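Here is the structure we will look at, set down as C-alpha cells.
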Amino acid sequence: GRWEGRFIKQRTKNNKAIYGYVYGKSYSAVKEKLTKAKSTYILGANYSDKLTMNMKFQDVTELWLANKINIIKTSTYNRYKNLLNNNILPFIGKNFVSDISTAKIQDYVHFLSTNGRIDSKGGLSAKTISDIICIIKSVLNYAESLGYNHCCALRYIGFRAEKKEM
C-alpha cells in the first residue's frame, strides 16, 4: 500500500492551517520523512546542511519540543520547557550531542541532588531529578532518531533518592 503523512507548513492570517504531505511505501518510511519535513519548516531551509554536521543539544531540544507540542498536554509542555530552560540547557545546552557522555550526565545528576537549587540552598527533589533525567533521555533518543550519535549509555543513567529515617 501507500502511506501518507500530513503536517502543518504554515498558517494563514485567519489561522487556517496549510498542510504539507509526504508519501512512502511503509509507515516507518513516512514517519521518517515526516520528521525531516517538520524539522525543515521549524529550522528553515538550511536544515539539510545541519544534518551533515553535529548538532548542539539545545538545537535538538527545540526540535524535540516542537515534535511534542501536539502530543502532550499544555501543562506537561510547560513543565518540560521550564526544566529545560532552568536546569538542563544551562548545563549541557551548548554541548554537541556527540560530546554528551554517561559520566557527564551522572556528574550532573549528582550536582542536582546536592546543589541543584537555583538559590544554592541544597539539592532538588527526587521527583524533579527523575523528570530531568527522563527529558535528557528522551531528547537523546530523539537525536538518535534524527541520525545524531551520542556516547551516552542511557540505561545506566538514573537516580535513587536516599530514604529518610522517620
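Since the structure is predicted, the reported quantities are computational estimates derived from the model, not experimental observations. All heavy atoms count here, side chains included; hydrogens, waters and symmetry mates do not.
Here the CZ-CG distance, from Phe111 to Asn87, works out to 9.0 Å after rounding to the nearest 0.5 Å. The CG atom of Asp99 sits 6.0 Å away from the CG atom of Asn95 when rounded to the nearest 0.5 Å. Remark: Ile100 CD1 to Tyr148 OH distance equals 13.0 Å, nearest 0.5 Å. In this structure, CG in Leu124 is found 8.0 Å from CZ in Arg117, a value given to the nearest 0.5 Å. Interatomic distance, CG of Asn82 versus OG1 of Thr128, reported as 11.5 Å (0.5 Å rounding). Note that the CD1 atom of Ile136 and the CZ atom of Phe91 stand 8.0 Å from one another [nearest 0.5 Å].
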One pair to check against side chain to side chain donor-acceptor pair (under 3.5 Å): Trp64 and Ser138. What are the steps and the verdict? CA-CA 8 Å; Trp64 177 77; Ser138 184; 2.9 Å; yes
For side-chain contact (heavy atoms from CB on, under 4.5 Å), just list the numbers for Val22 and Trp3, CA-CA rounded to whole Å, side-chain angles, deciding distance to a tenth of an Å, and then say yes or no. CA-CA 8 Å; Val22 293; Trp3 290 79; over 6 Å; no
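The closest side-chain heavy-atom distance from Phe96 to Met55 is not below 4.5 Å. Taking the side chain as every heavy atom from C-beta outward, Ile92 and Ile105 approach each other to under 4.5 Å. In this structure the side chain of Ile72 reaches within 4.5 angstrom of the side chain of Tyr80, judged on heavy atoms. At least one side-chain heavy atom of Tyr27 sits less than 4.5 Å from a side-chain heavy atom of Lys31. For the pair Ile129/Ile133, a side-chain contact is recorded, criterion being any heavy-atom separation below 4.5 Å from C-beta on. Considering only heavy atoms from C-beta on, Val139 stays 4.5 Å or farther from Leu63 through its side chain.
With sequence neighbours left out, Lys121 forms a salt bridge (charged side-chain N to carboxylate O under 4.0 Å, His left out) with no residue at all. Partners of Lys73 according to the side chain to side chain donor-acceptor pair (under 3.5 Å) rule, which considers only residues two or more places apart in sequence or in another chain, do not exist here. With sequence neighbours left out, the side chain to side chain contact (heavy atoms under 4.5 Å, CB included) criterion links Gln58 to Lys56, Thr61, Leu89, Lys94.
Both Tyr23 and Tyr19 are assigned to one and the same hydrophobic cluster, defined by single-linkage of ILVMFWY side chains at heavy-atom distances under 4.5 Å.
Asn85 places a side-chain N or O within 3.5 Å of a backbone atom of Lys81 that can act as its donor or acceptor partner. Of the possible polar contacts, one joining the Ser130 side chain to the Ala126 backbone as a donor-acceptor pair under 3.5 Å is found. Checking side-chain atoms of Lys25 against main-chain N and O of Arg2 turns up no donor-acceptor pair under 3.5 Å.
Looking at every heavy atom in both residues, Val30 comes nearest to Gly5 through CG1-N, 3.5 Å.
Within a 6.0 Å sphere centred on OH of Tyr21, heavy atoms belonging to other residues, nucleotides or ligands number more than 12.
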